[in-house]
Amino acid sequence: MHKLRLNYKKRLILFFLILISNFIFLNEVQAQNRKKITSVVIDAGHGGKDPGAIGKKAKEKDITLKIAKMTGDYIKKNCPDVKVIYTRSSDVSVSLLRRAQIANEQNADLFISIHCNANASPQPYGVETFVMGEHRNAANLEVAKKENAAIMYEDNAQEDYDNFNPNSTEAYIMLNFFQSEYKNASLDLAERIQNQLVKRVGRKDRGVQQAGFLVLYKTSMPSVLVEIGFLSNPAEENFLNSNDGQTYIASALFRAFRDYKNAYDKENMTEGPAYENNQKPQNVDANQIVYKVQIESRSRKLDNHSLHYKELKNIDYYEHNGQYKYTAGYFLTKKEADEYCKTVKAKGYTTAFVISFKNGIRL
Ligand SMILES: [Zn+2]
């Protein structure tokens, strides 16, 4: 018993170290190159010998493929600057690892995995969108277990996932160490998807959730997994199996993508973030001293700083001694900056302080 625990701990540490080293490297490289959303991976869950959830009439693998293709078509038609990448475009088996590899190899900007839910009871229905994270309840863990069980159909699963057992609750403790640099961006996309499915398509809202999905864990870009409804619920199965239902869901996914892209692109094309109350003072003299509130230092650059500090305004950063110092606000008087510093502190950035710049150089 004792020996077993030690092994487990050792493996945990090793796993964690490998994960961190891979992660820092990949994210650094990609965060710096990313200016606009120009590619998206649409991942149709399951396929081939893995049918996914099975309803009375429909199989998950068929519904996800149809909706994936429709979503991709909407994006191609309406966002001609975006490259749509499918992990599969026919009824074939693709491993979870391969799906993530496709996204990483193509250096895609976003990853959207489409799935259908199922429950032992016919009662539950509705939509939920997951990002990679620690599950907060048993139900979310069950969804992750069910989706990760797809690896049982794979030939190299033991090797590809380091003996990960999708049915063991313990295995998910390791996945909980995962901290994605893209978590906020993933949450933003997930919220937009839920919003579209609930407000525009009228699906029941089961919320934005978190759990350890292997397919999300292996991707290195903002990634979500959307459960578009329950095949175990007869009414919802009928909806998902109908052309109308599929069209509604696909157009909702498209609109969520488009809105995310518009917000992201706008922010990256202009100096400041794409949110309201971000107006910088106009006609500032080059020699004018500008005051900002320093929020915190980071060793890594954020991929989308305005989303990260959503509740603050005029987010900017400067580099100093290899650190990225993030600032909020933009004022021409110290008094205004002091005032705003109190607001920033009240939002939880307790070590915030006021700094000044002249000609872009910190004084
Ligand atoms: Zn699935």
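Sequence positions, counted from 1, serve as the residue numbers for this chain. Atoms within each ligand, like the ligands themselves, are counted from 1 in listed order.
- Cation-pi geometry between Arg203 and Phe239 is met: under 6.0 angstrom from the ring centre, within 45 degrees of the axis.
- Note on the Zn ion (ligand 1): protein N, O or S atoms under 2.8 Å away count 5, no waters included.
- Side-chain atoms of Lys56 and Glu237, non-hydrogen and from C-beta on, do get closer than 4.5 Å to each other.
- Judged by the 6.0 Å distance and 45° axis criteria, Lys292 is positioned over the aromatic ring of Phe357.
- With a 6.0 Å cutoff to the six-membered ring centre and a 45° limit on the axis angle, Lys334 does not count as a cation-pi contact of Tyr291.
- Every residue two or more places apart in sequence or in another chain was checked for a salt bridge (Lys or Arg N to Asp or Glu O under 4.0 Å) with Glu319, and none qualifies.
- At least one test fails for Lys218 against the ring of Phe111: distance under 6.0 Å to the centre or angle within 45° of the axis.
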